[in-house]
Amino acid sequence: MSTDTLLWVIDGKPQYGMDVRFGDENNPTRKGKFDIYMKMEHCISTIYHTSMPDAMFFSGGEAVHFSIDFATYGYAHHSHGCVNVRDRAAVARLFADTRVGDTVVVY
């Protein structure tokens, strides 16, 4: 089952959530347990040359980040593997709350 939801959890207790979208069958988002290894507030994709504000990288080049495309077109499009957030304020809050080393679980 897919909920297209990101949930911020501390000590097993959900704090808040937000709508997200993932990659498609050609560019899937990796599933598993990862750690945030880098955060970049003002990031530009070196592959797609698009803005990735508040990027929290967790696996290779995959990151949780704000997506203007998701904010504009919703689920009509998909990411290229990243976890896209359409709520700018929500992802800014998440960016402020997370630390390098925090765990990310994608399932």
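- The side-chain hydrogen bond (donor to acceptor under 3.5 Å, both in side chains) test applied to Arg88 returns Asp54, not counting sequence neighbours.
- Met56 and Leu7 are assigned to two separate hydrophobic clusters, defined by single-linkage of ILVMFWY side chains at heavy-atom distances under 4.5 Å.
- Phe57 has its side chain within reach of Met52: a pair of non-hydrogen atoms, C-beta onward, lies under 4.5 Å apart.
- For the salt bridge (Lys or Arg N to Asp or Glu O under 4.0 Å) condition, no pair includes a residue of residues 36-50, sequence neighbours left out.
- Take Asp19 and apply the salt bridge (Lys or Arg N to Asp or Glu O under 4.0 Å) test, not counting sequence neighbours, and it matches Arg86.
- Each of Val100 and Met40 belongs to its own hydrophobic cluster when Ile, Leu, Val, Met, Phe, Trp and Tyr are linked at side-chain heavy-atom distances under 4.5 angstrom.
- In this structure His80 satisfies the side-chain hydrogen bond (donor to acceptor under 3.5 Å, both in side chains) test with no other residue, sequence neighbours excluded.
- Under the 4.5 Å side-chain criterion, counting only non-hydrogen atoms from C-beta, Asp87 is not in contact with Arg93.
- A 4.5 Å side-chain heavy-atom check between Cys82 and His65 finds at least one atom pair inside the cut-off.
- Taking OH of Tyr73 as the reference point, atom OG of Ser67 lies at 10.5 Å (rounded to 0.5 Å).
- Between the Ser79 side chain and the Gly23 main chain, a donor and an acceptor come within less than 3.5 Å of each other.
- Residue Ile47 belongs to a hydrophobic cluster whose other members are Tyr48, with links defined by side-chain heavy atoms closer than 4.5 Å.
- Partners of Lys33 by side-chain contact (heavy atoms from CB on, under 4.5 Å), not counting sequence neighbours, listed by chain and number: Thr103, Val105.
- Between the CG atom in Asp35 and the CZ atom in Arg99 there is a gap of 15.0 Å [rounded to 0.5 Å].
- Interatomic distance, CD1 of Ile36 versus CZ of Phe95, reported as 9.0 Å (0.5 Å rounding).
- For Asp102, the salt bridge (Lys or Arg N to Asp or Glu O under 4.0 Å) test picks out no residue, with sequence neighbours left out.
- Neither Ile44 nor Val83 shares a network with the other; the hydrophobic side chains, linked directly or stepwise wherever heavy atoms of I, L, V, M, F, W or Y lie under 4.5 Å apart, form separate groups for each.
- How far NE2 of His78 is from CG of Asn26: 7.0 Å, rounded to the nearest 0.5 Å.
- Taking Thr29 as the reference, nothing meets the side-chain hydrogen bond (donor to acceptor under 3.5 Å, both in side chains) condition, with sequence neighbours excluded.
- Take Ser59 and apply the side-chain hydrogen bond (donor to acceptor under 3.5 Å, both in side chains) test, not counting sequence neighbours, and it matches Arg30.
- Checked against ring-ring contact (aromatic ring centres under 6.0 Å, His included), Phe34 has the following partners two or more places apart in sequence or in another chain: Phe58.
- Tyr75 belongs to a hydrophobic cluster whose remaining members, ordered by chain and number, are Phe70; membership requires side-chain heavy atoms of ILVMFWY residues under 4.5 Å apart, directly or through intermediates.
- Listed by first and then second residue, the side-chain hydrogen bond (donor to acceptor under 3.5 Å, both in side chains) pairs that reach into residues 6-17 are Tyr16-Asp97, sequence neighbours excluded.
- At a threshold of 4.5 Å between non-hydrogen side-chain atoms, the residues Leu6 and Leu94 count as touching.
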